[in-house]
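A short write-up of the structure that comes next.
In each ligand, atom 1 is the first atom listed, and ligand 1 is the first ligand listed. Values in this document were obtained by computation on a predicted structure and should not be read as measured data.
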Amino acid sequence: MLIRRAPTFRSSEITDEKLYLGRRRFIAGATALGLSGGIVTDALLSELAEAAKAPQGAPLKAPRNPAFVHADPLNKIEDATSYNNFYEFGVNKDDPARLGGTLKTRPWTVKVEGLVAKPKTYDIDELLRFPLEERVYSLRCVEAWSMIIPWIGFPLSALLKQVEPTSTAKYVEFVTLHDPQQFPGQKPGFFGSSLDWPYVEGLRLDEAMHPLTLMTVGMYGQVLPNQNGAPFRVVVPWKYGFKSGKSIVRVRLTADQPKTSWEKAAPQEYGFYSNVNPTVDHPRWSQATERRIGEFRRRKTLMFNGYADQVASLYTGLDLKKHY
Ligand SMILES: Nc1nc2c(c(=O)[nH]1)N[C@H]1C(S)=C(S)[C@@H](COP(=O)(O)O)O[C@H]1N2
Ligand SMILES: [Mo]
């Protein structure tokens, strides 16, 4: 029988994060250079420092949309590209940055299908020709940490308008690539999460059409790094981070509410809505506060992650304690 970990997020809150990242980067750098177990010299240290620099993705420029800025300073690109959740690569925060190289992002197609008048398979280069803009969003993980990230992308509504959802379409399902050759975490018997593959997430159609919902192809003026969900991921800033599925190959319009991977794994912990809500705790920890990566004091978590003015009206009459 397979030994499987509990279907939960792991917490690295226990280890001082700077030490943790520093140590993991050092080991990753040494391994990349084929030097693990070698003698540490000054020359080696400077080589490792080079190797540990932010990944130099291809530049991707897009004008910043002034309607989507944030009061808090941006996180460093090093934070956003080295402290990731992407269980297809493993459950540790540094696994996606370490192992992300096995994901091949070309050629890449995205099928947009289901209850639509004009289903279409898009090539990634066609998606990159949508009018791109930069938007600064907060990403709030259900593990109670957050980052402020400048994303580059276009509203999902622009894509959905092209395929013309039918009147029976009520939900949108997002499906991540399923390929154990590229994602070690999807290999049978991999000792990691107990998620069902492929990773599936979903939104109600009105949430999907909301102007904040961004299909994302870049960040920090670069093409999206693999660990952040290259080449195409969704970002839904008023919901916990796990709703923002990475490396998407299929967008499907449905009449029924999609069964998401996290709901299947632990329905009592992760609901379909997963709106950031400081007044509804996770059964095992509080959601009232969060730690901004790179800081040590805790901040108060804001209703809908600070986007209440824009999205609260989507949930009028919905019991947010019941529909967590
Ligand atoms: N396919 C896939 N998408 C995923 C995840 C994952 O494990 N697999 N993790 C989610 C979680 S829990 C978070 S917090 C965000 C993190 O995005 P980032 O690494 O770009 O900050 O990605 C989300 N999207
Ligand atoms: Mo998360």
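- Under the rule for a ring pair (Phe, Tyr, Trp, His ring centres under 6.0 Å), Y220 has no partner lying at least two apart in sequence or in another chain.
- Using a 4.0 Å cutoff on heavy atoms, R233 counts as a contact of ligand 1.
- Considering backbone and side-chain atoms alike, S244 places an N or O below 3.5 Å from some N or O of ligand 1.
- Take F232 and apply the ring pair (Phe, Tyr, Trp, His ring centres under 6.0 Å) test, not counting sequence neighbours, and it matches no residue.
- The shortest N/O to N/O separation between N228 and ligand 1 falls below 3.5 Å.
- Within 6.0 Å of the CG atom in D256, the count of heavy atoms belonging to other residues, nucleotides or ligands does not exceed 12.
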Under the ring pair (Phe, Tyr, Trp, His ring centres under 6.0 Å) rule, what do Y270 and Y240 come out as? Steps first, then yes or no, please. CA-CA 10 Å; Y270 308 109; Y240 292 121; 8.8 Å; no

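- Between the side chains of E143 and N85, at least one donor-acceptor pair of N or O atoms lies under 3.5 Å.
- Ligand-side atoms of ligand 1 in range of T176: 1 (N), range being under 4.0 angstrom from any heavy atom.
- Counting heavy atoms under 4.0 Å from ligand 1, residue E201 does not touch it at all.
- For K187, the NZ atom sits in a packed shell: over 12 heavy atoms of surrounding residues, nucleotides or ligands are nearer than 6.0 Å.
- In this structure, G245 has a heavy atom closer than 4.0 Å to ligand 1.
- Panel note: side chain N275, backbone K239; no donor-acceptor pair is recorded below 3.5 Å.
- The shortest N/O to N/O separation between W151 and ligand 1 does not fall below 3.5 Å.
- Every heavy atom of G229 sits 4.0 Å or more from the atoms of ligand 1.
- Side-chain atoms of S244 never come within 3.5 Å of backbone atoms of F242 as a donor-acceptor pair (strictly under, hydrogens ignored).
- Listed by number with element, the atoms of ligand 1 under 4.0 angstrom from any heavy atom of N84 are 18 (P), 19 (O).
- Within the 4.0 Å heavy-atom criterion, the part of Y199 lying near ligand 1 is the side chain and not the backbone.
- Listed by number with element, the atoms of ligand 1 under 4.0 angstrom from any heavy atom of C141 are 14 (S).
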